Peer 1: 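I'd like to ask some things about the structure below.
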There are 2 protein chains.
Amino acid sequence: MALDRIDFAILDTLQKDGRISNSALAEKIGLSQSACSRRLDQLEKSGVIEGYHARLSNGALGHRMTAIVHISLSGQFEKSLAEFEAAIKRCPNVLSCHLMSGEYDYVVRIAAKDLEDYERIHKEWLTAMPHVIKINSSFALREVVDRTSMGIRPETA
Amino acid sequence: MALDRIDFAILDTLQKDGRISNSALAEKIGLSQSACSRRLDQLEKSGVIEGYHARLSNGALGHRMTAIVHISLSGQFEKSLAEFEAAIKRCPNVLSCHLMSGEYDYVVRIAAKDLEDYERIHKEWLTAMPHVIKINSSFALREVVDRTSMGIRPETA
DNA sequence: TATGAAAATGCGGAACA
DNA sequence: TGTTCCGCATTTTCATA
């Protein structure tokens, strides 16, 4: 799907305010309401927009600690990977998880209330996952940036 | 702010569908439209809901590669950290960045079109940031989980 | 531009301390 | 008796054909 600068403007706006009304969006980017609505439909149907989500404050919900955990499995067979991934998806404290090249198999970001809570998660979830042989935990002192998608650069929008 | 199970149900729903209408939300959680709207206002004003965002497909926008980069600075003075963080915030390819305890100072997640694009980002952005003395890049083979906030567990909602 | 749907707001009433 | 929250009705705003 080919995107033009108006599409990028729509994406940029919706990335910053996912609940903006169609009429406000149309006015902001200088399009009629109907044209704006049609483009939005296209962007959603084509999969460029995957969904809309409320961003909740982990802190306000009592989760003030972020851990970044490097995990290795005992083997890299696809079956082992699939079993581990199914398990990690079930853990509600997992914010992100990537299968990696390099020294460790997975990098996992975890939200916890505090160190005690992290200990629980480590014990009840991480060490209980199938095929895990090595777990290396680091803790975030500060969150500097956190977004799900790349910023739309002004020069492309 | 004290949250009850109705609040958790609202948060859970909005996390999954950030553009749901107030009336649909009210019906889903079994509340009148006005009561629902008031609670939502409160959740927004109190900071539990930080915002609403469209989730864009990095793939559909041409960014098919995710790198996880560990970065060390030459000193951990607050001034050095602040200068580095100001610089990293300016890079549009940065998805997340955390100041860490442990061996490396920062863990940074980066979106790139391909390896060539990553080389450019590495050269133009990462090595150009102030106080950086060590950069260690790993590449994601697969994204298993990616969310900004913790899942609301059914038993709490 | 028109029509119906949805959101904001004000008011009354119930539950509870 | 004061506070908090629900629900209904009105007004205004918005989505969509």
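Letters A, B, ... mirror the listed sequences (proteins, then strands); counts begin at 1. Remember, predicted model here, so these are calculated numbers, not experimental data.
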Peer 1: Output the rounded distance in Å from CD (A/Glu27) to C1' (D/dA15).
Peer 2: 15 Å
Peer 1: Mind telling me whether A/Phe139 and A/Tyr118 have parallel, tilted or perpendicular rings, with 30° and 60° as the class edges?
Peer 2: perpendicular
Peer 1: In whole angstrom, what separates B/Leu3's CG from D/dC5's C1'?
Peer 2: 16 Å
Peer 1: Taking OP1 and OP2 of C/dA7, is either one under 4.0 Å from a side-chain nitrogen or oxygen of B/Ser37?
Peer 2: no
Peer 1: Can a donor-acceptor pair be found, under 3.5 Å and without considering hydrogens, that links the side chain of A/Ser149 to the backbone of B/Leu56?
Peer 2: yes
Peer 1: Once you apply a heavy-atom cut-off of 4.0 Å, does B/Ser32 come out as touching a base, just sugar-phosphate, or nothing?
Peer 2: base
Peer 1: Take atom CG of B/Asp41 and atom P of C/dT9, then tell me their distance rounded to the nearest Å.
Peer 2: 8 Å
Peer 1: Between A/Gln33 and A/Arg19, just flag the one whose closest nucleotide in DNA chain C comes earlier from the 5' side.
Peer 2: A/Gln33
Peer 1: Grab the CG-P distance between B/Asp7 and D/dT4 for me, whole Å please.
Peer 2: 15 Å
Peer 1: For B/Ile29 and D/dG7, what is the distance between atoms CD1 and P respectively, to the nearest whole Å?
Peer 2: 10 Å
Peer 1: For D/dC8, does the base pair up with any side-chain atom of B/Ser34 as donor and acceptor (N or O, under 3.5 Å, distance only)?
Peer 2: yes
Peer 1: Whole Å only: how far is the CZ atom of B/Arg39 from the C1' atom of D/dC6?
Peer 2: 9 Å
Peer 1: Calculate the interatomic distance between B/Lys45 atom NZ and C/dA8 atom P; express it in whole Å.
Peer 2: 10 Å
Peer 1: Would you indicate which nucleotide in C/dA6, D/dC6, D/dC14 comes nearest to any side-chain atom of A/Ser21?
Peer 2: D/dC14
Peer 1: From C-beta outward on B/Arg38, which listed nucleotide comes closest to its side chain: C/dG10, D/dA15, C/dA8?
Peer 2: C/dG10
Peer 1: If you only use heavy atoms from C-beta on, which nucleotide in C/dA7, D/dG7, D/dA15 is closest to the side chain of B/Ser23?
Peer 2: C/dA7
Peer 1: Assess whether ring-ring contact (aromatic ring centres under 6.0 Å, His included) is satisfied between A/Phe84 and A/Tyr106, documenting all intermediate values.
Peer 2: CA-CA 10 Å; A/Phe84 171 81; A/Tyr106 290 95; 4.5 Å; yes
Peer 1: Measure from the side chain of B/Ile6, starting at C-beta and using heavy atoms only, and say which of D/dA15, D/dC6, C/dG10 lies closest.
Peer 2: D/dC6
Peer 1: Say whether, by atom type as modelled, one donor and one acceptor occur between the side chain of A/Gln15 and the main chain of A/Met150 under 3.5 angstrom.
Peer 2: yes
Peer 1: With distance as the sole criterion, is a donor-acceptor pair present between the side chains of B/Tyr52 and B/Glu44 under 3.5 Å?
Peer 2: yes
Peer 1: Please give, in whole Å, the distance from D/dA15 C1' to A/Leu40 CG?
Peer 2: 12 Å
